[in-house]
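Everything on this sheet refers to the single structure shown next.
Basis for what follows: all heavy atoms, side chains included, without hydrogens, waters or symmetry-related copies. Small disclaimer: the values here were computed from a predicted structure and weren't measured. Here is the naming used below: chain letters follow the sequence lines, and residue numbers restart at 1 for every chain.
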There are 2 protein chains.
Amino acid sequence: MRLRLSTWNVNSVRLRVEQVARFVDEQAPDVLCMQEIKCQEGEFPRAAFEAVGLPHIRIAGQKGWHGVAIASRLPIEDVAPLQVCREGHARCVGAKVAGVEIQNFYIPAGGDIPDREVNPKFDHKLDFFEKLTAEMAGRDPKAPLAIVGDLNVAPGEFDVWSHKQMSKIVSHTPIELEAFARLKSSLDFLDLPRAAIPEPEKLFSWWSYRAADFRKSNRGLRLDHILVTPGLRDAAFRSGAASARVHDDVREWERPSDHAPVSADFGI
Amino acid sequence: MRLRLSTWNVNSVRLRVEQVARFVDEQAPDVLCMQEIKCQEGEFPRAAFEAVGLPHIRIAGQKGWHGVAIASRLPIEDVAPLQVCREGHARCVGAKVAGVEIQNFYIPAGGDIPDREVNPKFDHKLDFFEKLTAEMAGRDPKAPLAIVGDLNVAPGEFDVWSHKQMSKIVSHTPIELEAFARLKSSLDFLDLPRAAIPEPEKLFSWWSYRAADFRKSNRGLRLDHILVTPGLRDAAFRSGAASARVHDDVREWERPSDHAPVSADFGI
DNA sequence: GCTCGAGGGG
DNA sequence: CCCCTCGAGC
């Protein structure tokens with residue numbers, strides 16, 4: 001059986017219900033992880049997800065900002081909540097589906113100045129990576145676990161439109177790349193979209209709203225990720241190669257999120 | 001030839017372009033006077049009006065608030081601008097079409113407390129009526145002139161859902177009714193919608209957004225008016241009776257203004 | 001309720 | 001450029 005896992009920073013789930021329904025109709029994810037739902041749990045449009053066949057839902061919401069959710073075709077088992085957000089924001093929600101633990105994150109963007117000492121948002125971002133890395137380091141790599149979401153780091157030189165220009169910009173500074181790499185090493189995580197679309201091909205999942213024509217300028221970043229433990233390697237490579245992609249056409253829809261969904265398939 | 005003159009407080013012309021286009025398609029006004037366009041002159045969606053056959057436009061706009069405009073199928077001649085708004089708001093625009101002078105107003109709502117001494121908005125509203133009445137008093141009643149717009153007064157007891165309850169509420173207090181009556185007397189103006197739909201029939205042009213179902217509660221007010229001088233009486237009664245109406249169905253459209261358009265026909 | 005402005009965040 | 005929070009105004 002195929003399990004399709006998708007992650008999407010929807011930038012307000014209430015404003016994007018139609019686009020989410022269309023994406024689920026067209027791509028049939030079995031589990032959809034969302035970030036920046038920007039609502040409280042009670043404001044989440046549950047009926048729209050039930051209507052589209054994803055009735056099992058876990059939500060970590062707050063008023064107006066951040067917020068993450070997981071909607072699933074299959075029943076969800078609870079998992080122990082992680083304590084990785086120093087500021088108490090709704091940036092993390094977990095679920096276990098078909099024996100696979102899924103941890104869904106919206107990691108802080110980190111502000112403009114890439115200096116922990118002067119920019120508390122940047123400090124919070126690195127602290128989030130450190131807490132998460134420490135949490136993962138105590139786990140069994142053979143347990144099937146996926147870390148997904150908007151991690152707000154473009155980890156490789158082909159994950160940004162210009163490695164040189166972006167190296168000074170928050171999301172692609174050396175210190176963030178190291179933080180991402182340490183997280184990845186903690187459990188020997190596998191980067192599934194990159195396994196499916198290897199470097200040096202450029203791969204982006206986010207394009208700024210500010211560009212008039214995002215296709216033309218194509219100044220994108222790969223901020224949205226699906227990382228899996230060695231315990232999921234066989235399931236991810238069931239058909240010989242990894243099956244994962246960025247749904248960049250979604251970025252062209254009416255009133256889009258600035259992020260495109262990212263998906264990976266597992267044989268379970 | 002029939003000249004149809006319509007007035008509509010659109011509550012943001014940029015947000016309401018589709019509804020305006022639909023109204024013009026369905027009702028074919030020759031002159032459409034709008035209030036609360038809520039934009040500057042350069043932000044006015046001219047192309048939409050050209051597309052729908054009203055290419056001749058006069059605009060008095062300001063940033064974000066108030067703002068009035070006249071769009072016409074026939075060419076417009078300029079008229080001398082009136083100085084009736086003490087605060088310098090964009091609340092008045094004039095035009096001459098087919099020999100008829102049209103003065104289009106968005107008179108101040110007047111705040112909550114019906115007392116000039118303590119409420120400067122109420123004072124401004126009465127001052128606006130006084131200045132306008134004085135201006136009209138110096139004119140020739142036989143010159144064809146129409147005063148239209150959101151005058152923010154429901155002038156008669158059948159122009160409100162409850163005369164008793166509304167008599168303490170700004171828009172229907174005795175002092176406002178007197179101000180309206182003095183304006184009407186200044187040139188012996190004729191109230192065309194009332195001539196077409198006589199008292200005691202209730203006639204409203206505005207229903208609050210706050211009512212869940214405006215038809216059911218029907219707590220409306222007649223705030224939008226078409227007043228004409230004796231010089232236009234024959235044209236307005238060309239077919240024997242006055243032809244004027246409130247397009248209350250428009251209040252039921254998707255994302256409506258809280259005001260319905262009001263129209264009157266002239267034989268010219 | 002609905003639409004603005006201003007301010008924060010991305 | 002887009003989306004949130006507030007608060008004002010009607």
Exercise. So, is the end of the B/Arg182 side chain (NZ or CZ) under 6.0 Å from the ring centre of B/Phe129 and within 45° of the ring's axis?
Worked result: no
Problem set entry | Geometric cation-pi criterion, A/Arg219 with A/Trp207: 6.0 Å, 45° | no
For this session: Could you say whether B/Asp258 or A/Trp65 is positioned toward the 5' end of DNA chain D, judged by the nucleotide with the nearest heavy atom to each?
Result: A/Trp65
For this session: Provide the start and end nucleotides, 5' to 3', of the part of DNA chain D that has atoms under 4.0 Å from heavy atoms of chain B.
Result: D/dG9 to D/dC10
Problem set entry | Pair B/Asn11-B/Glu36, side-chain donor/acceptor within less than 3.5 Å | no
For this session: In plain terms, say whether B/Asp248 and B/Arg215 are close enough for a salt bridge, that is, a side-chain N and a carboxylate O under 4.0 Å apart.
Result: yes
For this session: Select base, sugar-phosphate, or nothing to describe what B/Arg14 touches, counting heavy atoms under 4.0 Å on all strands.
Result: nothing
Exercise. Where each residue is assigned the nucleotide of DNA chain D containing its nearest heavy atom, which of B/Trp206 and A/Arg16 is assigned the position nearer the 5′ end?
Worked result: A/Arg16
Exercise. Is B/Glu18 paired with B/Arg22 through a side-chain N to carboxylate O contact shorter than 4.0 Å?
Worked result: no
Problem set entry | A/Glu130 versus A/Thr133, side-chain donor and acceptor atoms under 3.5 Å | no
For this session: Could you list where the contact with chain B starts and ends along DNA chain C, reading 5' to 3', using a 4.0 Å heavy-atom cut-off?
Result: C/dG1 to C/dA6
Exercise. Does CD in A/Glu50 sit with more than 12 non-hydrogen atoms of other residues, nucleotides or ligands closer than 6.0 Å?
Worked result: yes
Exercise. Quick one: are B/Leu32 and B/Ile70 in side-chain contact, heavy atoms under 4.5 Å?
Worked result: no
